Novice: 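One structure coming up, written as structure tokens, with questions to follow.
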Amino acid sequence: SALLCGSAAAIVLLKRLGHRRIQQKMEEARRARDLALEQMEKAARRFKRENPGTQTAHILSLPMVELAEKLKEGSLSPESVLYSYMGKALEVTQEVNCVIDFIHGCEDQLQKVKKQKEKGLLYGIPVSIKDHINCKGHVSSGGLVKLLGQVKEEDSVIVRVLKSQGAIPFVKTNIPQTMINYDCSNLIFGQTLNPLNHQKTPGGSSGGEGALIAGGGSILGIGSDVAGSIRLPSSFCGLCGLKPTGNRISKLGVVSPITGMYSVTGTLGPMARDVDSLALCMKALLCDEMFRLDPTLPPIPFDDEVYTSSKPLRIGYYEGDGYFQPSPSMKRAIQETRKLLQEAGHTLVPFAPPKIDYVVDELFTRGIFSDGAAHLVDCFKGDIVDPNLKSQFNTYRLPALVKRILAIILKPIYPRIARDLNALCGVGSAKNLWDQHAAVAVYRTEFIAKWRKQRLDVILCPALGPAFNHGYAGKLFAATSYTNLYNVLNFPAGVVPVSTVTKADEEELKHYRGHYGDPWDKRLKEAVEGAVGLPVAVQCVALPWQEELCLRFMKEVETLSRGRR
């Protein structure tokens, strides 16, 4: 017994030492961030002192396309723009904690840009970059302690292309731990708040981007999306965001906790204040330099003709997906947008996504966690789980047998939660993984056949929202059903704000019951409470490789809803 007691004491001691080591690494990372922000503040202050006449407020108020024109013609200098945004980004992060690093090479990039013989499409435009996208000389943490010491030796392809087009990446932004979550919190850098309402999350996993752009501290950001991680923060923060087709933009040089998972398609994409900014960014990225740096991409340049077309569209639409009942404002946003589009001369046709329960449970959940969440659980070795992720993590780490037994017990009372638990067991074998990949392909064919039968150009559908109260996203991962469908299908999809939550929406929410009346429905109602005045978005979808048509449709929605507002 003395031997057993000694062993137990040794284990406790080792755990404590491990815990202390983790805490030290996190403290070092926070100190490094604080030093980087101090350096950024000094640079911004120095510029302000030496250039007292800079029209900072004017610069920050300009839409990106107009700003790009003024930079190109020389009526604004790249310095005045960069340092104005640096100053504003510091202000925003002090309020909502969204910037985790200053890309100190931005001042060198500024000098290089000024010497470029040809001014690129993004000449002098400051760009914010999501944490896990590699920047030379910086860490891509993924919100995980084990990645903190790994300083990247070169830029990701997307950062290299942005620079070649004259853009100036200047900050990196916060994310949730592992990024398989749509809150924005990790134990290293803390919780990011929504600048529109601090009681709300900015969404995630590109939440730092959402908060910084919505707060006015960045004009263009690069995020990523495997279940809605560009579209959800765009919806929660009142921004425009585009998730392109998976292989339209290079993903080389990006850190991911689920590398090797191919059932659901992740992608990088832009986030900004308006659709024209997204289009300009896509046009800049889809260039020879990107196709040279990553020859696995189809070399398809941006088709301006499609984006600027005014041909009437045939639009499929749905108000709810049948898996989660939409919140009152989500539903109203579709009804009002449908009416505006009809009045503008477009044809609207009801459309129902086939077999939505099957897609969410068997194709998305069983696909993204086809390994039974083993890779994700491994990420936490030598780490502490963020409280916002505990609910998810505790479920993921259960042995498959326990998940199956719980699913059997819960099936008669909570069938949806039971199906989810079953799907979290993964596929179990390589043979089953092949079958799962085949099932995704079969479903995609079926979806496209229905699309073709109805002769659709695009689809209008809800975007999850309004912004959630803190602590709910980790307990409602399946509520990404509205967005994750288009990761399973690998269709381009974007989000556009069209309205704000009204008192009538809030009143109607009191009667929200959901489709199942289970704990998830109860949580969704609580998650969106208290959102009067916050943005409400819709989602616009096109077929694969038709980003230009998707953006053109988004632009139409934006123009009509802005006119009404």
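Along the sequence shown, residues carry numbers from 1. What you see is a predicted model; the values in this text were computed from it and never measured.
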Novice: When you measure from the side chain of Arg314 to the backbone of Gln454, do you find a donor-acceptor pair of N or O atoms at a distance under 3.5 Å?
Specialist: yes

Novice: Between CG of Asp321 and CD of Gln325, what distance do you get to the nearest 0.5 Å?
Specialist: 11.0 Å

Novice: Using the ring centroid of each side chain, check whether Tyr182 and Phe468 are separated by less than 6.0 Å.
Specialist: yes

Novice: Could you tell me whether the side chain of Tyr512 and the main chain of Pro326 form a donor-acceptor pair under 3.5 Å?
Specialist: no

Novice: Holding to salt bridge (charged side-chain N to carboxylate O under 4.0 Å, His left out), I want the full list of residues that pass it with Asp435, two or more places apart in sequence or in another chain.
Specialist: Lys431

Novice: Can you list everything that forms a salt bridge (charged side-chain N to carboxylate O under 4.0 Å, His left out) with Lys311? Sequence neighbours excluded, please.
Specialist: none

Novice: For atom NZ of Lys72, decide whether the heavy atoms of other residues, nucleotides or ligands shown that lie under 6.0 angstrom number more than 12.
Specialist: yes

Novice: Taking only residues two or more places apart in sequence, or in another chain, which ones meet Asp505 in a salt bridge (charged side-chain N to carboxylate O under 4.0 Å, His left out)?
Specialist: Arg332

Novice: Do any N or O atoms from the side chain of Glu558 and from the backbone of Asp274 form a donor-acceptor pair under 3.5 angstrom?
Specialist: no

Novice: For Lys503, is there an ion pair with Glu507 - N to carboxylate O distance below 4.0 angstrom?
Specialist: no

Novice: Does a salt bridge link Glu343 with Lys339, judged by any charged N lying under 4.0 Å from a carboxylate O?
Specialist: yes

Novice: Quick check on Lys450: does its NZ atom have over 12 non-hydrogen neighbours (other residues, nucleotides or ligands) under 6.0 Å away?
Specialist: yes

Novice: Between Tyr396 and Phe369, does the ring-ring contact (aromatic ring centres under 6.0 Å, His included) criterion hold? Intermediate values first, please.
Specialist: CA-CA 9 Å; Tyr396 297 158; Phe369 302 118; 4.7 Å; yes

Novice: State whether Tyr472 and Arg523 meet the cation-pi test: NZ (Lys) or CZ (Arg) under 6.0 Å from the six-membered ring centroid, and within 45° of the perpendicular axis.
Specialist: no

Novice: Evaluate Tyr516 against Phe324 for ring-ring contact (aromatic ring centres under 6.0 Å, His included), listing each step before the verdict.
Specialist: CA-CA 8 Å; Tyr516 288 83; Phe324 264 96; 8.2 Å; no

Novice: Considering only residues two or more places apart or on different chains, which pairs with a residue in residues 328-359 satisfy ring-ring contact (aromatic ring centres under 6.0 Å, His included)?
Specialist: Phe351-Phe447

Novice: Lys403 side chain to Cys425 main-chain N or O, any donor-acceptor pair under 3.5 Å?
Specialist: no

Novice: Salt-bridge test for Asp521 and Arg416: reply yes if a basic N is under 4.0 Å from a carboxylate O, no otherwise.
Specialist: yes

Novice: For residues 232-248, which side-chain N or O atoms pair as donor and acceptor with protein atoms under 3.5 Å away, sequence neighbours left out?
Specialist:
{"unit_1": "Ser234", "atom_1": "OG", "unit_2": "Ile230", "atom_2": "O", "d": "2.8"}
{"unit_1": "Ser235", "atom_1": "OG", "unit_2": "Leu464", "atom_2": "O", "d": "2.7"}
{"unit_1": "Lys243", "atom_1": "NZ", "unit_2": "Tyr486", "atom_2": "O", "d": "3.4"}
{"unit_1": "Lys243", "atom_1": "NZ", "unit_2": "Phe491", "atom_2": "O", "d": "2.8"}
{"unit_1": "Thr245", "atom_1": "OG1", "unit_2": "Trp545", "atom_2": "N", "d": "2.9"}
{"unit_1": "Thr245", "atom_1": "OG1", "unit_2": "Glu547", "atom_2": "OE2", "d": "2.5"}
{"unit_1": "Asn247", "atom_1": "ND2", "unit_2": "Thr296", "atom_2": "O", "d": "3.3"}
{"unit_1": "Arg248", "atom_1": "NH1", "unit_2": "Glu547", "atom_2": "OE1", "d": "2.8"}
{"unit_1": "Arg248", "atom_1": "NH1", "unit_2": "Glu548", "atom_2": "OE1", "d": "3.2"}
{"unit_1": "Arg248", "atom_1": "NH1", "unit_2": "Glu548", "atom_2": "OE2", "d": "3.4"}
{"unit_1": "Arg248", "atom_1": "NH2", "unit_2": "Ile300", "atom_2": "O", "d": "3.1"}
{"unit_1": "Arg248", "atom_1": "NH2", "unit_2": "Pro301", "atom_2": "O", "d": "3.3"}
{"unit_1": "Arg248", "atom_1": "NH2", "unit_2": "Glu548", "atom_2": "OE2", "d": "2.9"}

Novice: Using the salt bridge (charged side-chain N to carboxylate O under 4.0 Å, His left out) criterion, which residues pair with Glu69? Sequence neighbours excluded.
Specialist: none

Novice: Above 12 or not: heavy atoms from other molecules or residues under 6.0 Å from NE2 of His437?
Specialist: yes

Novice: For Asp288, is the CG atom crowded, meaning more than 12 foreign heavy atoms sit under 6.0 Å from it?
Specialist: no

Novice: Has the side chain of Ser229 got a donor or acceptor atom that lies under 3.5 Å from a matching backbone atom of Val226?
Specialist: no

Novice: Counting only heavy atoms not in Lys163 (residues, nucleotides, ligands), do more than 12 fall under 6.0 Å from its NZ?
Specialist: yes

